[in-house]
Asker: 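Below is the structure I would like to discuss, written out as structure tokens.
Note that the structure is a prediction, hence the values are computed from the model and not measured.
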Amino acid sequence: MTAPITPLTALPDPEVDAEFYAGVPFKRAFAWAVDATLILIAAVLIVPFTAFTALFFFPVLIVMVGFTYRWFTIASGSATLGMRLMGIELRDHTGARLNGTLALLHTLGYTMSVVTLPLQLISMGMMALTPRGQGLSDTLLGTTAINRPG
């Protein structure tokens with residue numbers, strides 16, 4: 001990898017530093033599956049504490065748990081637990097890890113795309129086809145997922 005390891009001064013160029021992007025779309029998909037499983041488990045564990053009334057709005061509970069999980073894990077380490085497991089992390093346009101505000105905006109954009117199927121399909125297509133593997137919210141915010149440097 002020819003780009004500086006830490007901190008990055010800008011996002012690595014996908015042509016010059018392809019190692020940063022190698023396999024990232026697949027890793028993001030696997031990380032998403034891990035995160036979705038953790039979110040589902042957390043939501044199921046919450047249900048009894050609501051006297052089982054959460055069963056009436058379980059999809060909303062999953063969105064709320066997912067939003068909180070993603071925001072806090074991204075804000076604390078620029079990656080969800082699934083992303084950490086896969087060795088990837090999110091970086092902003094300068095190459096820095098995401099701060100709390102950018103993590104919130106990224107999570108909000110992701111959540112909006114998840115609850116709106118056409119936006120999710122567009123985002124998935126963008127991750128598969130763009131040089132940096134950026135989804136819709138990544139493109140709007142100037143963020144991307146890269147293989148963890150170091």
Asker: Would you mind reporting whether R148 and M83 have side-chain heavy atoms less than 4.5 Å apart?
Answerer: no
Asker: Heavy-atom distance under 4.5 Å between the side chains of F20 and D13, does that happen here?
Answerer: no
Asker: Closest heavy-atom contact between T53 and T50?
Answerer: OG1-O, 2.7 Å
Asker: For the hydrophobic clusters of this structure (ILVMFWY residues joined by side-chain heavy atoms under 4.5 Å, transitively), does one cluster hold both L102 and L104?
Answerer: no
Asker: I need the minimum non-hydrogen distance between T144 and R132, along with the two atoms involved.
Answerer: OG1-O, 2.9 Å
Asker: Within a radius of less than 6.0 Å around CE of M124, do more than 12 heavy atoms belonging to other residues, nucleotides or ligands occur?
Answerer: no
Asker: Could you check if a side-chain atom of Q134 sits within less than 4.5 angstrom of a side-chain atom of M127, using non-hydrogen atoms only?
Answerer: no
Asker: Do you reckon L81 sits in the same ILVMFWY cluster as L40, going by side-chain contacts under 4.5 Å, direct or chained?
Answerer: yes
Asker: State, with a plain yes or no, whether a side-chain heavy atom of T107 is found less than 4.5 Å away from one of I74.
Answerer: yes
Asker: Are the side chains of L90 and D138 in touch, meaning some heavy atoms are under 4.5 Å apart?
Answerer: yes
Asker: Would a 4.5 Å heavy-atom cut-off, applied to side chains only, mark T80 and V34 as touching?
Answerer: no
Asker: Quick check for you: to the nearest 0.5 Å, what is the distance between I146 atom CD1 and R91 atom CZ?
Answerer: 4.5 Å
Asker: Any side-chain heavy atom of P12 within less than 4.5 Å of one from Y21?
Answerer: yes
Asker: What's the verdict on side chain to side chain contact (heavy atoms under 4.5 Å, CB included) for T68 and W71, showing C-alpha distance, side-chain angles and the deciding distance?
Answerer: CA-CA 5 Å; T68 305; W71 180 19; over 6 Å; no
Asker: Check the hydrophobic clustering (I, L, V, M, F, W, Y; side-chain heavy atoms under 4.5 Å; chains of links allowed) and say if L85 and I39 are grouped together.
Answerer: yes
Asker: Parallel, tilted or perpendicular: which one describes the rings of F26 and F30, with boundaries at 30° and 60°?
Answerer: parallel
Asker: Looking at every heavy atom in both S137 and T143, which two are closest together, and how far apart are they?
Answerer: O-OG1, 4.4 Å
Asker: Heavy atoms only: give me the nearest L11-G142 pair and the separation to one decimal.
Answerer: CD1-O, 4.0 Å
Asker: Through direct or indirect side-chain contacts below 4.5 angstrom among Ile, Leu, Val, Met, Phe, Trp and Tyr, which residues connect to L45?
Answerer: I41
Asker: Between R70 and D35 (side chain of the first, backbone of the second, donor and acceptor by atom type, cut-off under 3.5 Å), is there such a pair?
Answerer: no
Asker: State, to 0.1 Å, how close S123 and L136 come at their nearest heavy-atom pair, and which atoms those are.
Answerer: OG-N, 3.0 Å
Asker: How long is the straight-line distance from CD1 of I122 back to OG1 of T116, given to the nearest 0.5 Å?
Answerer: 10.0 Å
Asker: With a 4.5 Å limit on heavy-atom distance, are the side chains of N147 and E19 in contact?
Answerer: no
Asker: Can you give me the closest heavy-atom contact between R84 and S76, atom names plus distance?
Answerer: NH2-OG, 3.2 Å
Asker: Assigning hydrophobic clusters by single linkage (Ile, Leu, Val, Met, Phe, Trp, Tyr; side-chain heavy-atom cutoff under 4.5 Å), is L119 placed with V115?
Answerer: no
Asker: Is V24 reachable from L141 through a run of I, L, V, M, F, W or Y residues, each pair having side-chain heavy atoms under 4.5 Å apart?
Answerer: yes
